[in-house]
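Just below is one structure, and these are the notes that go with it.
Keep in mind the model is a prediction, meaning the values are calculated, not measured. Per chain, numbering begins at 1; letters A, B, ... match sequence-line order.
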2 protein chains.
Amino acid sequence: MEEQGRRRAGRPRTPLLSRELILDTALRLLDERGEAGAGMREVARELGVRPSALYNHVAGREDLIGGIRELISDRIDVDCFEELPWDEALIRWADSYRAAFAAHPPTIALLATTPLTPDSRTSLMYDAVVRALVRAGWPEERALAVIVAIEAFLLGAALDAAADPDMLDPGPRDDVREFSGAFAARKRALAAAGGGPADEAYRIGIDAIVAGLRAELISGR
Amino acid sequence: MEEQGRRRAGRPRTPLLSRELILDTALRLLDERGEAGAGMREVARELGVRPSALYNHVAGREDLIGGIRELISDRIDVDCFEELPWDEALIRWADSYRAAFAAHPPTIALLATTPLTPDSRTSLMYDAVVRALVRAGWPEERALAVIVAIEAFLLGAALDAAADPDMLDPGPRDDVREFSGAFAARKRALAAAGGGPADEAYRIGIDAIVAGLRAELISGR
DNA sequence: ACCTGAACACCGTTCAAGT
DNA sequence: ACCTGAACACCGTTCAAGT
């Protein structure tokens, strides 16, 4: 990092690294350089240390990614379930969930595909949500499905947000008239209203899901 | 593959490879061995060929993955938009979309994070969906947001389906009573009804989204 | 306990040489 | 045009040696 002179082998008098320092550095590099910046070797280089030194503090790359996930997940708001009606709380929760990951776009693709090792904080979050759903009248055996469905949408929306905004651009061609028209119309509407296509799709989707869930709960299913 | 004797260098009398053969083989290996089986070297080995030989037919790994995506996407049903009301068609489309990827679980994580190079078939699909939505009364500038929202959910649900069914298992602990209870209740309900947790969450989610969209369209919004 | 240094077993990709 | 063979520039990870 700032060290200049070559360090001799052997244990340093005071530790150079810690799990926390490694995770913070990895997340920062991820933000600065994208997915490529989060390798064991890159993190080590940034810390002015040999790659093998990291293994004294993290179990390996998978553990590193899991640690980053926890760092980000800590930003998710679960208090809302104690303060708001279940449907409003669900939206508040989803919004903060999305915001937490949207603050670190390059992490999304990385975290999305790394299976999560269940940690206690995540379980506490699920507990809060389940409690609110059951209290609101959802059958206990269906509560998790509701949560998983919303998380699926959040994950997909986060991946979408991390992608190129012009991803769908059909380009100049005349065999997809309606599609081209809709693409141009969306562009105009977004330019006038502000915000990006991913934000708009997220808002439509989360509102639709929660509205649909509300209707299902009322109708008895 | 079946060849035994070492081939001499130089162009073979009849080509050993083709783009199609390479893509088919890669998809098969992906299914058989998981994400690890789709490397350039693995595909080459399976075809009894040197890795560098593949570059005569595909541009590289990214092109390979893009080709696999197209192979799978061809299974998505878009005819339903000409035959059914928009909301029913949306569900039919989503179901076939999901089924296409669910048939190849290991591909999902791979495809989810590889940015898609817009090909013409995908654009044709979007065109069909936009046409149906606009015909049903959706504002042209909002049609794409509806599609993107549903695709986000599909992508997330597909990732979820590819994950470990017991992923959320809180294990034995007494500080998340409601969560543990819901987990056990879900397990019992699924054992009785059949199907996996991912299927249940998908069904709840897609039905809720489309119900919410239907309500939004009717209410004018 | 916690670092260096050297090694191992992998990747994807390039390119000259051969037919 | 389409393959082999050798190389290059990467990965994550292990482990003995040093303090």
Quick one: B/Arg11 CZ to D/dT4 P, roughly how many Å, whole number? 14 Å
OP1 or OP2 of D/dA1 under 4.0 Å from side-chain N/O of B/His57: no
Length of the CZ-P vector between B/Arg13 and D/dA1, whole Å: 19 Å
Give none if D/dC3 has no partner; otherwise give the nucleotide forming a Watson-Crick or G-U wobble pair with it, both distances under 3.5 Å. none
Given B/Leu30, which partner from the list B/Ile65, B/Leu110, B/Val43 fulfils the side-chain contact (heavy atoms from CB on, under 4.5 Å) test? B/Leu110
Just how far, in rounded Å, is P of D/dG12 from CZ of A/Arg61? 6 Å
Does one side chain, of B/Asp95 or B/Tyr202, offer a donor that lies under 3.5 Å from an acceptor on the other? yes
Can you tell me the distance, in whole Å, between the CZ atom of A/Arg8 and the P atom of D/dA17? 18 Å
Nearest-Å distance, CZ (A/Arg19) to C1' (C/dA1)? 17 Å
Are the charged groups of A/Arg33 and A/Glu42 less than 4.0 angstrom apart, N to O? no
Just by distance, with hydrogens left out, do A/Glu151 and A/Tyr97 show a side-chain donor and acceptor under 3.5 Å apart? yes
Residue pair B/Val78, B/Asp127: steps toward the side-chain contact (heavy atoms from CB on, under 4.5 Å) verdict: CA-CA 10 Å; B/Val78 289; B/Asp127 196 55; over 6 Å; no
How do A/Ala38 and B/Thr14 order along DNA chain D: which one's closest nucleotide is nearer the 5' end? B/Thr14
Considering just the side-chain nitrogens and oxygens of B/Arg50, establish if one lies under 4.0 Å of OP1 or OP2 belonging to D/dC3. no
Does A/Pro15 or B/Ala9 map to a spot on DNA chain C nearer the 5' end, using the closest nucleotide for each? A/Pro15
A/Met40 CE to C/dC3 P: how many Å, rounded? 13 Å
Does A/Arg7 make a side-chain N or O approach to OP1 or OP2 of C/dT4 shorter than 4.0 Å? yes
In this structure, how many angstroms lie between the C1' atom of D/dC11 and the CD1 atom of A/Ile65, rounded? 13 Å
Could you give the CG-to-P distance, from A/Leu54 to D/dG12, as a whole number of Å? 10 Å
Quick check for you: among C/dT13, D/dC11, D/dC2, whose closest atom lies nearest to any side-chain atom of B/Asn56? D/dC2
For C/dC8, the nucleotide meeting Watson-Crick or G-U wobble distances (both under 3.5 Å) is D/dG12
If you check the B/Ser52 side chain, which of C/dT13, C/dC15, D/dC3 turns out closest? C/dC15
Base, sugar-phosphate alone, or nothing: which one does B/Arg41 contact when heavy atoms must sit under 4.0 Å apart? base
